[in-house]
Each structure stands twice: as C-alpha cells, then as structure tokens.
Amino acid sequence: MNTTIREMLFLLWRSKAAFFGLFVILLFYIVGIFAPVFATHDPIEQNIDQRKLPPFSEGYILGTDELGRDLYSRIVYGARVSMLIGVVSVSIALVIGTTIGMISGYLGGAVDTISMRVIDIMLSFPYVLLTIVIVSLLGSSLVNAMIAIGISHIPRYARVCRAAVLSEKEQDYVMAEQSLGAGSFHLMFKSILPNVLAPVMVQATLGFGDAILSAAALSFLGLGAQPPTPEWGLMIASSRDFVTSAWWIVTFPGLATLFAVVGFNVFGDGMRDILDVRLHD
Amino acid sequence: MKVLDVKNITIGFKDRFGFTPMVRDLSFSIDKGEVLSIVGESGCGKSITAYSILKLMDPHISEIRGDGLMFGERNLLSATESEMQQIRGKNISMIFQEPMSSLNPVFSIGAQLTDICTLHTGDSKKQAWQYGIELLKRVHIPSAGECMHKYPHELSGGMRQRVLIALALVSPSLEMLIADEPTTALDVTIQAQILNLLDELRKETGLTLLMITHDLGVVATLSDRVMVMYAGRKVEEGSLADILNNPSHPYTQGLLSSLPIKQHERLAENRPMFAIPGNVPSLKAISEACPFSDRCDRVISECKQAFPSEAAISDTHRAWCNVLDEGIKDA
C-alpha cells in the first residue's frame with residue numbers, strides 16, 4: 001500500500017499541473033481549517049467609518065468592503081465555507097450516486113432500467129435549474145444549497161460508476177469469488193467497488209470545483225448562504241454595484257473562487273491521467 | 001456413495017425468441033473420492049455444465065431444467081440463491097481456467113484468503129491469517145508468510161493457480177472440487193505441477209474431483225472415470241481404461257486418433273495428420289438427430305432420426321451410438 005501511495009505521489013510530481021492543483025487545494029483547506037489563525041480581523045465585524053478602503057490601507061491588506069469589514073479576513077473565512085460546501089455536496093453525491101450506479105450496473109434488468117430512466121430525467125433538466133428548483137423546495141440556506149448541489153450531482157456519479165461496474169462485473173474474479181460463496185452485497189461493495197473507484201474519484205475531484213462554483217452561483221442569486229456569512233458568491237453579489245468605484249471588493253472574492261476551482265479542475269485532470277491505466281506506458 | 005447425481009438435466013439460454021438448449025438430457029454421477037473428467041472440444045457444453053452445478057449463470061438469461069441435481073440429499077435445482085451461497089465454497093468449490101484474472105487485483109493474497117476464511121469458518125482475522133498461511137503451504141507455495149502480503153500481479157500464473165486452489169480448499173467441510181480447465185492457461189511444466197498437486201490433495205483428503213478439460217493428457221494423468229461430450233450431449237462414458245483402450249463412439253475414436261503421438265506412420269509417410277472432418281455444429285442448429293451424424297463416416301439413416309439410445313459395452317462402459325464397433329479404426 002505504501003509503495004502505491006509513493007508511486008502516486010511520484011506521478012503527481014511528474015505532472016506539474018496536477019501537483020500545482022494539489023498544492024492550491026491543500027492551501028485552501030489549510031487556510032479554511034485554520035481560518036482564525038490566518039484572519040487579521042473578525043469577518044463579520046462592521047466598521048462604518050472605514051468603508052471601501054482600498055488594499056494596503058490601515059492594516060487592511062485587501063481593503064474593506066461596503067460595510068467596513070476586512071476583505072482579507074472574509075475571504076479567509078469564505079475558504080472555510082467553500083471547502084465545506086465542496087466536501088458535503090460531493091460526499092452526498094458520491095455516496096448516493098455510486099450506490100445507485102453500483103446496484104443498477106450489478107443487478108441489471110428492471111432495476112437498471114428504472115434507476116437509469118430516473119437519472120435520465122434528472123439529466124434532462126439544465127443542471128443549474130435543477131439545483132435552483134431543489135433549493136426553492138427546501139428553502140434558501142447554505143445547508144439546503146449543499147444538499148441541492150449534492151442531489152443534482154448524483155447523475156454523473158451514477159453513470160460513471162454504472163459504466164465501470166458493467167465492465168468490471170464480467171471479470172473472472174467476480175465469478176471466482178461468487179463460486180467461493182460470496183453474496184451479492186459482498187461482491188458489489190467489497191469486490192467490485194474498489195476496482196471501480198478510480199473513475200469515480202476523478203469525477204469527485206472535478207466535482208469539488210463544480211460544487212464550489214454552483215454554491216457561489218446560488219449565493220449570488222440569494223438562494224445559498226445568507227448575509228452576513230462570509231461566502232464568496234454572496235460577497236460578489238452584494239458588492240457588484242461598486243465594481244466601478246471600489247473594484248477590489250468584487251475582484252478578490254472572484255479571484256479566490258477562480259483559484260479554488262482551477263486548482264480542483266487541474267488536480268482532477270491530473271488524477272485522470274494517473275489513474276487511467278490506458279493512458280500509461 | 002454418490003456425492004453428486006445429475007439426473008437428466010437440460011441447460012440452455014433464454015432470449016425473446018425462446019429457449020435454446022446448450023446441454024441436453026445430461027445425466028451423470030460422481031462417487032465419493034472419485035475423479036470424473038468431462039472431455040470435449042470447445043463449445044460442447046463442459047463449462048456450462050460446471051457452472052450449472054453451482055448455479056453460477058445469470059438466471060435472467062439461462063435456465064436449468066430436468067429431474068434433479070442431487071448433491072447428497074439436497075436437490076440443487078430447487079435451491080434458492082441464499083442456499084446456494086451456503087453451498088458454494090463451503091461444500092463445493094471451483095477453480096477456473098484463467099488464474100491471471102481470477103484473483104481480485106486490488107487485494108493482497110492474505111486479504112482474499114482471510115476474507116473467504118472468515119466467511120466459511122467464522123474464525124477471527126488473526127486465526128484466519130494463520131490458517132491462510134497453512135493453506136498456502138499445503139499447495140506448496142514457497143515462503144507462504146511472505147506470499148500473504150503480495151498482490152496478484154506480483155505472482156506468476158502457476159503461483160496464482162495455487163492460490164486459487166488454496167482459496168477453493170478453505171472450507172473444512174469441502175466435499176467436491178470442480179476444476180474447469182485448471183491447466184489450460186499454464187505452460188507445460190507448470191501444468192504437470194498443478195496436476196500433481198491436485199492428485200496429492202485428493203489422495204490426502206479423499207476429495208471428490210470433477211475435472212473439465214479438453215486435454216486428453218490431463219485426463220490420462222488424473223481421472224478414474226471419463227465422460228465424453230459432443231455438442232451438448234454425452235456420447236460416451238466409461239472408466240479411464242475403457243475410454244483410452246477401447247473407445248467405442250466414433251467421436252471418441254476420432255479424438256484419440258487425432259493425438260499427435262498416434263500419428264507416427266502418417267508423419268513418416270508425409271501424409272497430413274488425421275483430423276475429424278468438418279466442424280462442430282452451431283448449438284442453435286442442433287436438431288433431435290445425433291449431433292455427430294454430419295461428421296461421422298459410419299452414419300446410417302437412423303442417426304438422422306433421433307439421438308441414439310444407450311448401448312452398454314461393459315458394466316462400466318456405455319456409448320450413445322447406433323453403429324458401435326470395437327477398437328480404434330485404422331484412420
């Protein structure tokens with residue numbers, strides 16, 4: 001197992017882009033988890049005298065927003081929110097989607113037909129629209145936004161997992177283990193699952209970026225995080241009126257979102273190269 | 001005492017057009033401690049027969065019909081999937097022809113062995129690990145303790161087949177082992193080692209062995225009795241000596257005459273080697289006639305009417321043919 005991890009790290013190091021992606025992701029996570037250490041001010045403390053200060057003035061590295069809150073600290077705390085959104089919504093989608101895909105691919109027949117038609121119906125809605133519909137049904141809040149994003153990400157995991165299971169279940173070892181007395185549950189979740197994780201994990205890494213972006217979009221529309229939560233999308237939304245007068249308030253949260261999403265996408269692409277055996281040699 | 005008694009089963013595949021039988025009206029039995037070999041060329045239904053005993057084929061597309069598949073007192077034909085799970089690996093286990101792909105690539109040998117051990121014996125992980133090492137020693141794997149930590153890709157084909165045999169032997173209450181062409185994918189020296197191992201294990205434990213093969217060399221090494229199948233039908237059955245020394249069905253005779261070792265004369269005279277003319281009929285096109293009638297040089301009109309009835313040659317030796325004669329014909 002150790003050799004496998006070391007080999008993967010080596011391959012990551014060789015693919016510079018993926019390594020950069022990993023670095024960015026880790027940076028955002030560290031900043032998010034230890035936000036109180038990195039932040040210089042309270043992210044929701046307002047200071048009306050010091051509104052819209054430009055960057056590098058009076059101890060505010062990135063300046064202040066329209067209510068005089070420290071922009072840098074808000075972005076730091078925003079990382080915590082965004083990374084949490086990534087973890088929660090990807091976990092929801094990953095667990096439910098993989099389970100559906102596994103059962104559907106393994107059992108086939110009517111179960112497969114029904115679950116895949118449901119997935120088709122979900123896919124026939126534009127992704128953003130589906131998310132908005134679910135949030136509207138659940139009510140606007142950050143938690144509901146995460147659940148909505150998770151649910152609307154389910155189809156992609158179900159499809160990827162099902163496709164991998166369809167080819168994997170024909171492998172000889174599946175019948176061999178079955179002939180030794182392994183039951184369906186054991187075959188699905190102990191024998192086949194570890195063998196189909198690679199494409200699913202690639203999908204999950206790419207999904208983090210999507211989830212963060214979607215959450216920012218929902219917050220921008222007022223359906224996600226509610227003020228005064230330091231959420232990047234919300235920060236962009238509330239400051240878009242000042243884009244000509246105080247550019248920094250809208251630019252820095254935007255840049256933070258951009259870097260986080262690019263980090264996850266680049267890392268996901270790199271993971272695909274590393275985990276896809278067909279691309280080796 | 002019969003360990004397995006197969007009574008008149010027909011195995012086939014279903015599709016929207018109906019039921020296509022692949023194996024027809026097959027009956028055979030195996031006594032305790034006996035080695036029965038099923039011989040026949042590719043596509044004659046040997047492997048399907050083996051899978052059917054453990055009901056490993058997808059029930060959505062296949063069906064087993066017949067009077068009974070008696071394993072001891074139990075009729076496996078009416079056993080449910082969960083009852084079959086209790087039997088698979090515990091009372092009957094199986095080894096496959098492709099050792100390269102029959103082990104799960106993401107788990108170490110030890111993990112796979114302990115997994116199956118805990119499934120059948122209820123041992124703790126630690127006991128199962130020790131038992132796994134013992135099993136690997138029994139199948140003559142050098143430095144068994146080290147092997148437990150290895151992954152399948154780190155082992156050679158012969159070693160993997162040994163591991164698969166060890167996996168099949170996990171259960172202490174194992175009564176029968178089905179070996180589906182266990183040596184086909186291995187090179188000749190390794191084949192001999194694996195056959196010796198199987199022979200040794202059956203002598204030690206009195207294991208009943210059902211051997212599926214197309215290799216007459218394997219048959220001669222290991223079997224007590226031999227059953228010859230052709231296009232889904234049993235055409236001849238007898239003791240090893242019956243089949244090798246006194247083959248009676250034209251197909252068996254043709255098979256034995258095709259062995260390179262019997263062809264010195266032809267080779268000396270620069271004549272091409274003997275082969276049975278024609279090809280195996282498509283299983284979809286098989287009628288009630290004797291399936292071999294199109295390729296048989298002794299065919300008579302009755303052969304085209306119906307499948308021949310049983311003809312007893314001796315107490316142990318039977319063939320299903322209208323035109324039996326004695327000895328191998330001079331080809």
Side-chain angles (χ1 to χ4, degrees), chain A residues 1-8 98 102-116 161 164-201 274-278 280-281, chain B residues 47 50-51 53-61 81-108 111-113 115-121 149 151-152 154 160-161 163-164 166-171 174 177-180 185:
Chain A
M1 203 60 200
N2 274 327
T3 51
T4 330
I5 290 169
R6 216 176 302 150
E7 191 184 346
M8 275 183 64
T98 312
M102 174 61 74
I103 293 173
S104 169
Y106 182 81
L107 294 180
V111 178
D112 185 33
T113 313
I114 293 167
S115 55
M116 281 302 120
C161 181
V165 170
L166 282 182
S167 71
E168 205 62 33
K169 74 168 180 179
E170 300 301 328
Q171 297 286 324
D172 291 338
Y173 71 83
V174 178
M175 194 191 260
E177 286 183 41
Q178 196 189 354
S179 81
L180 292 171
S184 297
F185 185 83
H186 185 283
L187 287 174
M188 280 193 268
F189 294 102
K190 281 182 93 174
S191 312
I192 299 179
L193 187 61
N195 284 288
V196 299
L197 272 186
V200 174
M201 288 326 284
I274 291 166
L275 293 174
D276 193 340
V277 192
R278 278 165 301 178
H280 276 224
D281 306 321
Chain B
S47 294
Y51 295 156
I53 294 170
L54 283 174
K55 300 225 279 193
L56 286 175
M57 287 189 302
D58 187 350
H60 295 301
I61 54 162
E81 176 61 21
S82 60
E83 285 167 347
M84 283 313 295
Q85 264 175 41
Q86 292 300 311
I87 292 168
R88 290 181 197 134
K90 192 162 195 179
N91 304 122
I92 310 178
S93 54
M94 186 157 174
I95 47 179
F96 292 85
Q97 56 177 308
E98 276 298 336
M100 302 314 272
S101 54
S102 294
L103 285 166
N104 196 329
V106 300
F107 293 112
S108 66
Q112 300 191 41
L113 268 168
D115 208 27
I116 300 294
C117 281
T118 46
L119 201 67
H120 290 305
T121 59
H149 293 283
Y151 284 85
E154 296 174 277
R160 284 188 223 187
Q161 192 62 288
V163 172
L164 283 163
L167 276 167
L169 295 176
V170 160
S171 165
L174 188 68
L177 181 65
I178 302 171
D180 182 14

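Just so we're on the same page: letters track the sequence lines, and every chain starts at 1. Quick note: numbers below take in every heavy atom, side chains included, and nothing from hydrogens, waters or symmetry partners.
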For [X] and [Y], work out which heavy atoms get closest and say how close.
X: P194(A); Y: F107(B); answer: CG-CZ, 3.6 Å
X: S102(B); Y: A176(A); answer: O-CB, 3.5 Å
X: Q178(A); Y: R88(B); answer: O-CD, 3.1 Å

**OP:** Go through S184(A), G109(A), S191(A) and name the one with the most non-hydrogen pairs under 4.5 angstrom from chain B.
**Re:**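 Winner by heavy-atom pair count: S191(A).
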Structural part of [X] lying under 4.5 Å from a heavy atom of chain A:
X: I87(B); answer: neither
X: L119(B); answer: side chain
X: D115(B); answer: side chain
X: Q86(B); answer: neither

Subject >> Proximal to chain B - members of residues 164-174 of chain A, heavy-atom separation under 4.5 Å >> reply: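 At a heavy-atom separation under 4.5 Å, chain B is reached by D172(A), Y173(A).
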**OP:** Take atom CE of M57(B) as the centre, draw a 6.0 Å sphere, and report whether it contains more than 12 heavy atoms from other residues, nucleotides or ligands.
**Re:** yes
**OP:** Please confirm whether the backbone N or O of L180(A) pairs with a side-chain atom of H120(B), one donor and one acceptor, at under 3.5 Å?
**Re:**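 At least one qualifying donor-acceptor pair exists.
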Original post:
Got a second to check how far I116(B)'s CD1 is from E177(A)'s CD, nearest 0.5 Å?
Top reply: 6.0 Å
**OP:** Report the distance from atom CE of M84(B) to atom OG of S179(A), rounding to the nearest 0.5 Å.
**Re:**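 Nearest 0.5 Å value for the CE-OG distance: 10.5 Å.
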Original post:
Got Y51(B) and M175(A) here, is their nearest side-chain heavy-atom distance under 4.5 Å?
Top reply: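 Touching, per the 4.5 Å side-chain cut-off.
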Original post:
Is it the side chain or the backbone of L107(A) that comes within 4.5 Å of chain B heavy atoms, both, or neither?
Top reply: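 For L107(A), the contact with chain B is made by the backbone alone.
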Subject >> Most contacts with chain A, counted as non-hydrogen pairs under 4.5 angstrom, among I95(B), L54(B), V170(B), N104(B) >> reply: N104(B)
